[in-house]
Amino acid sequence: MVDRPHKPSAISPSSHAPQPTVDIVDNGRVRATLPSGESIEILLHGATVISWKSNGVENLWLSEKAILDGSKPVRGGIPVVFPVFGPPPANHATSALPQHGFARSSRWEFLGSSKSESDTPKSAGDDTVKLDFGLYSNGLDEKSKSAWPYEFGLVYSVTLSKDSLRTMITIQNTGDKAFEFTTLLHSYFKIKDVHTARIAGLSASPYVDKVLKTDATQSEPFVSIPGTTDRVYYPPGGASTILAICDASGASSNPAGTPRFEISRDNMPDVVVWNPWKEGAEAMGDFAPKGDDPKGYRGMLCVEAGSVKEWVKLEGGESWEGGQVVKSLL
Ligand code: TA6
């Protein structure tokens, strides 16, 4: 074997394949892009995902009057709800907190990114980029700290892949005083038309109808949105039930219509379905466009994975993790 001291080393394809990119923009948001074009944008305010694009299409709905300067929660994208979903109950540790808690209106830290690159250019579709964000009790504003005096650490991971977005939250009790919480990912999906939208995966599920103020059971195989809708579903299969947001206009071999999004959940057994309809949108100053504009209430649907029915209790040192993977089927 002739020794070839100057033999060129094998060039690792990945060393020349385009890489995922991560940029911190104007000190307030993080953008990540895959070589295949998919992208996400997250505000440090609330660690709110405000954009997720795949196949050149925006998947999340964001109000045209969403306030992005950190002065209030974002109307759209994926706000993070913690430590309480909804209006906090009276006579509870969360009672002094605002609706949906403080996580979505706090400034999170960007903890960093990790990328997995495909080992050959031809499998660039395997690239992923994970962005981690942290929120800690010692970094909380005084008002929230005094309203909810517990020691905690949250790590929120947002992972972009070619056709999916994974959002996972880890909650740790870093003190020695037990606390309880509810949590939810308040996802606003951009859809074709709420009048023809259908949600599969909730058939026979009990739910609380916050509009009619009744308890009910999903009798139709698919959830349709006939008007103002605000329901908290407790599917019998818990987090194991895969949900699909479909569009029933046009021909489809699928009985619910053409699937647009598929939502898999981890440790988030409950599902909130919300659309404020025209009147509700009219009443929200940061909701635009108004009226029957297809980019307004008609073009959005909240399908929100959460753990909201029961309080989750963490003793000192204990952790909890949950989240979702959303696939865009375009
Ligand atoms: O997730 C549904 C819901 O709880 C609705 O009741 C409605 O209040 C919505 O959240 C928006 O809440 P927000 O505090 O963001 O205006």
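Just follow the structure's listing: the first ligand is 1, and inside any ligand the first atom is 1.
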Got a donor-acceptor contact below 3.5 angstrom from the E315 side chain to the G317 backbone?
-> no
May I ask you to check if K327 and F261 form a cation-pi contact, with NZ or CZ under 6.0 angstrom from the six-membered ring centre and within 45° of the axis?
-> no
Per the under 4.0 Å non-hydrogen criterion, ligand 1 touches R75, F85, Q99, H100, R104, H186, K210, D230, V272, W274, E304
What pairs with T228 under side-chain hydrogen bond (donor to acceptor under 3.5 Å, both in side chains), at least two apart in sequence or on another chain?
-> none
Taking the six-membered ring of Y234 as reference, does the NZ or CZ atom of K309 fall below 6.0 Å from its centre and within a 45° cone about the axis?
-> yes
Flag yes if V273 and F189 sit in one hydrophobic cluster, no otherwise; membership is Ile, Leu, Val, Met, Phe, Trp, Tyr, and two members link when side-chain heavy atoms are under 4.5 Å apart.
-> yes
Centres of the W148 and F82 rings: under 6.0 Å?
-> yes
